[in-house]
Asker: 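Below are the structure tokens for one structure; questions will follow.
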Amino acid sequence: MATLRFDALKETLRRSPVKIQETERRSDLFGENVFNQKAMRQYLTKDSFESLKNAIEKGDSIDRSLAENISAGMKEWAISKGATHYTHWFQPLTGSTAEKHDAFFETVEDGGAMEKFNGSQLIQQEPDASSLPNGGIRNTFEARGYTAWDPSSPAFVWGPTLCIPTVFVSYTGEALDYKTPLLRSVSALDKAATDVVKYFDKKVNKVITTLGWEQEYFLVDSALASTRPDLMMSGRTLLGHSPAKGQQLDDHYFGSIPSRVLNYMRDLERECMLLGIPVKTRHNEVAPNQFELAPIFEEVNLAVDHNSLLMDVMDKVAERHHFRVLFHEKPFQGVNGSGKHNNWSLATDSGSNLLSPGKTPMKNLRFLTFFINTIKAFYENEELIRATIASASNDHRLGANEAPPAVMSVFIGSQLTKVLDELEKITDGKLSPEEKTDLKLNVVGKIPEILLDNTDRNRTSPFAFTGNKFELRAVGSTANCADPMTVLNAIVAKQLKEFKIEVDGLIANKKMKKDDAIFNVLREYIKSSKKIRFEGDGYGMAWEKEAEKRGLSNYGTTPEALKPKISKKAIKLFGDLEIMNDTEIKARYEIEIDEYSKHIQIEGRVLGDIARNHIIPTAIKYQNVLIKNVKGLKEIYGSEFKDQAKEQMNIIESISVHIEMINKGVEEMIEERKKANAIEDPTQKAFAYCEKVKPFFDDIRYHCDKLELLVDDEIWPLTKYRELLFTK
Ligand code: ADP
Ligand code: MG
């Protein structure tokens, strides 16, 4: 008897929702556990408060004595919130967050004890993090790594711990985390964008990047999930037959949220409020048991921290509700996968969105400048964008059978397409007064009203303009947003710098007026980046063919897709902008390519184990039942038993065939794994895993899934798709 599966099902059916009482207003809870300005004002001296504010807003450095005062205040505040420990909280290149808790508690000389937290403990730590991925950086020179306080992301209390967001760098200053390059890209883009904004508004001193992510996920009952070694070990189901009913009825999207789930969401949102994560939207997604959570957008560094924190909080809160959160991009074959849309824009220090069309032609010219430069940057660097979203798990969404192709393109909608078409036609050189009037009245001047009724929304595009922001939809649901955001910031920064040089050149050398120069450069950009624009169905085969004609890349797998990360072009881009040096770039590539191999290796092992330890023994058990039955029939019917036992005999035979095929597949896969493991070069190893090992997964799965349909449900050990997806 497959007791585990049925026990889990019984347990799941018995569950009642964990009731959540919401007595407080959410706005009252918001940021309660964050060391924000309100807390700072209360716990810091006036001088410290002002200096810290300057450090946050202007990046001023924080000296020792100031740090002492801040740490003392922070400690008092944290203890008032129930914290007993503190930790430097950072995002190493593992993809999750890291923390090492130290108690405030310390003994003192007279035998007593007190709570301590000094300035140096706040500012810098040296975590013993030797086993975190470093791509060779820390082996070569100094094994030490440092965490250093990032005052631009406020400290918070989560559970009994004061968490201090930090960067993580090597002794020699190389980034070992996601945050460091992100912060560098933010300042590169700030500088480049501020220089360009000054064409339109001299008063702007700073441009910030904004990010609003949308997190998709699945919820599965924890008892059911724990019966699936594949879900537990690899985050996705490696086998399992599709249920009779899937998402074909479209009855889940925006449907009413099941009450157990709703209670989970409310509990989660309450925690988010306390932690200052401004979550706003929740809804069902396309697939059964799939959901989405989105916040109000924030400055990108904070938004990235909040997404990483959220993923932790989601896991922890799920425990209370007996759920397991599946962040994997494709937990179930044949069922819609999960992504993490990254809504990206730029805003001035006075809060004006640079990707939002305005009321005057001048505002719209500013809008067009940033809009067109972004498209051009995306075109010039489409391979790098593809590389930044590549991972073993995201491969199931991009370029796989049931997903959009891995081609990067930009969707802007028909109205803006018309605007760009008009701009493309303007004369080369200085514009005539009539042409300018026409531009102002009929092209640039028309933008706001047409955008308002711009209803076309293409859901198949990996990079879509949605009214006042670009939405990078190709990011995977497990990803840390920092990497794609770093790339997007970097390529746009580079593009804006070039734009400025070109415009200034036309003004100086061709004696053009500023507007004329801007129009001229934009016109050329529209022409030269046209190939990246695609308004049609991104999921169709036709687009894949068309994209190839246009010379756009289409890398179906991670080992291929990652290569542009270490191209000369990428090294120059990040180097010129001082975002990452050669060593940092190569280290990251090495970590990612290695991670890929490990990922496939684990999946291969888990699949092999399940196939041999669960599926084959179960199939044999059932086959024995049939054999006994046939023998019994023979006893009763003598030589005529074959007429009575025809079906049974067929099934007995099919089972033997499937068992043989599974065994053969597993053996051959193990052989290929051994060969792959012997390869030294990490890139070649990843290709071996991708091209030689992974292809066995589908074969093995096919035969296991066929057995699932043949074998008596009573003895099938693995919780089935219909149970994982439809149990509420
Ligand atoms: P969708 O239709 O894709 O669900 P919404 O308009 O609801 O899109 O917004 C999705 C996300 O975009 C939200 O997280 C929102 O905060 C974010 N967003 C809106 N404006 C901006 C902006 N200027 N910069 C970055 N993100 C933004
Ligand atoms: Mg979206």
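Ligands are counted one by one from 1 in listed order, and the atoms in each one are counted from 1 as well.
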Asker: Could you tell me whether Phe470 and Phe371 have their ring centroids closer than 6.0 angstrom?
Answerer: yes
Asker: Decide whether Ser553 and Glu382 meet the rule of one side-chain donor and one side-chain acceptor closer than 3.5 Å.
Answerer: yes
Asker: Check whether any N or O atom of Pro295, backbone or side chain, sits under 3.5 Å from an N or O atom of ligand 1, and answer yes or no.
Answerer: yes
Asker: Among residues at least two apart in sequence or on other chains, which ones pass side-chain contact (heavy atoms from CB on, under 4.5 Å) with Pro181?
Answerer: Ala175, Asp177, Thr486, Ile579, Met580, Arg588
Asker: When only distance counts, is Phe297 in polar contact with ligand 1, meaning an N/O pair under 3.5 Å?
Answerer: yes
Asker: Is the Phe370 to Phe465 ring centre distance short of 6.0 Å?
Answerer: no
Asker: Test your reading of the structure: does His341 have an N or O sitting under 3.5 Å from an N or O of ligand 1?
Answerer: no
Asker: Report yes or no: do Lys376 and Gln495 form a side-chain donor-acceptor pair below 3.5 Å?
Answerer: no
Asker: Taking distance alone, with no angle check, do Trp344 and ligand 1 share an N/O pair under 3.5 Å?
Answerer: no
Asker: Does the cation-pi check pass for Arg533 over Phe411, that is, NZ or CZ under 6.0 Å from the six-membered ring centre and within 45° of its axis?
Answerer: no
Asker: Considering only heavy atoms of Asn353, which atoms of ligand 1 have at least one such atom less than 4.0 Å away?
Answerer: 23 (N)
Asker: Which option, Glu214, His283, Lys469, Arg473, owns the non-hydrogen atom nearest atom 5 (P) of ligand 1?
Answerer: Lys469
Asker: By number and element, which atoms of ligand 1 are closer than 4.0 Å to a non-hydrogen atom of Glu471?
Answerer: 3 (O)
Asker: With a cut-off of 4.0 Å, which atoms of ligand 1 are near a heavy atom of Ile296?
Answerer: 16 (O)
